[in-house]
Amino acid sequence: MDMTTAQLPEAPIPDTHVGILETALLATVSTISHKDGLISTNPVGFDWDGEHVRLSTLKSRVKYRNLLANPQVTFCAVDPEMPTRYIEIRGYAEISEDPERTLSRKMLRRMSGKELDLDEPGAERVIIKIIPTQVSTPTLYGGRLDQRAAEIVESQKPPSP
């Protein structure tokens, strides 16, 4: 972590948007490429521990190398029930070892309902905890499309038995 991120106060996650972090299965995360300085964005599974968004990644992934070189990170999750609502968290990454793959297993259990470990033997995992320094929670188009978005979400649900 560099001095600029160390001096920034932690931004709160608004209660109005915690539900997105509790229900969305995927989000996007952006890092700064260690090779060319361009933004790199990828879909990710994530965990919300009640205070911080946490990601699990392999040490062999570019995302990990990017964050080692520059800990700045942006995370964005869309509300699964209302696609015009989202939460964007900008901040920096705190990286810790996860030799037992505890977080990865927890996330896979949440997504699949099963106890899984999809890593190759010998794979090394880390936990990326996002320390928020700026949080944005706008509603697209001032909410004027919320009814249409709700209709689309409802139309895609399977019929009730």
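By convention here, the first residue in the shown sequence is residue 1. Values reported hereafter were calculated over all heavy atoms of this structure, with side chains retained and with hydrogens, waters and symmetry mates removed.
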Please output the side-chain donor-acceptor pairs of residues 18-30 that fall under 3.5 Å, not counting sequence neighbours, one pair per line with the distance.
unit_1	atom_1	unit_2	atom_2	d
T23	OG1	G19	O	2.8
S30	OG	T41	OG1	2.7

Find the distance between CZ (R61) and CG (L67) and round it off to the nearest 0.5 Å.
13.0 Å
Determine whether more than 12 heavy atoms belonging to other residues, nucleotides or ligands lie under 6.0 Å from atom CG of D15.
no
Which heavy atom of H52 sits nearest to which heavy atom of I130, and what is that distance?
CD2-O, 3.4 Å
If you measure from CD on E10 to OG1 on T133, what distance do you get to the nearest 0.5 Å?
9.0 Å
Report yes or no: does R65 contribute a side-chain atom to a donor-acceptor pair with the main-chain N or O of S60 at less than 3.5 Å?
yes
For R54, what residues pass the side-chain contact (heavy atoms from CB on, under 4.5 Å) criterion, not counting sequence neighbours?
D47, D49, L103, K106, I127, K129
Those residues that, when tested against E120, pass side-chain contact (heavy atoms from CB on, under 4.5 Å) (two or more places apart)
none
Identify the two heavy atoms, one from A123 and one from L58, that lie closest to each other, and give their separation to 0.1 Å.
CB-CD2, 3.7 Å
Residues in side chain to side chain donor-acceptor pair (under 3.5 Å) contact with R125, at least two apart in sequence or another chain
S56, S104, D119
Contacts of K59 meeting side chain to side chain donor-acceptor pair (under 3.5 Å) (sequence neighbours excluded), chain-then-number -> E97
Heavy-atom closest pair, residues A11 and V135:
CB-CG2, 4.0 Å
Going by side chain to side chain donor-acceptor pair (under 3.5 Å), name the residues that satisfy it together with D79, two or more places apart in sequence or in a different chain.
R85
Can you find a heavy atom in the side chain of K63 that is under 4.5 Å from one in the side chain of V44?
yes
Pairing residues for Q134 by the side-chain contact (heavy atoms from CB on, under 4.5 Å) criterion, not counting sequence neighbours:
R90, S136
Going from CG on L55 to CD1 on I128, what distance comes out if it is rounded to the nearest 0.5 angstrom?
5.0 Å
Using a side-chain heavy atom cutoff under 4.5 Å and only I, L, V, M, F, W and Y, what cluster partners does I32 have?
I39
Can you tell me which residue pairs pass the ring pair (Phe, Tyr, Trp, His ring centres under 6.0 Å) test with a partner in residues 102-138, sequence neighbours excluded?
none
Closest heavy-atom contact between Y86 and V78?
CB-CA, 3.9 Å
Could you tell me if the side chain of D98 sits less than 4.5 Å from the side chain of V126, heavy atoms only?
no
Any side-chain heavy-atom pair of S40 and N66 under 4.5 Å:
yes
Can you tell me how far NE2 of H17 sits from OG1 of T137, rounded to the nearest 0.5 angstrom?
4.0 Å
Closest heavy-atom pair, I13 versus W48, reported as atoms and distance to 0.1 Å, is CG1-CH2, 3.7 Å
Which residues pass the side-chain contact (heavy atoms from CB on, under 4.5 Å) test with S112, not counting sequence neighbours?
K114, L116
Per the ring pair (Phe, Tyr, Trp, His ring centres under 6.0 Å) rule, what does the pair list look like for residues 63-84, sequence neighbours excluded?
F46-F75
Does any non-hydrogen side-chain atom of E88 lie less than 4.5 Å from one of T74?
yes
Non-neighbouring partners of E51 that pass side chain to side chain donor-acceptor pair (under 3.5 Å), sequence neighbours left out
none
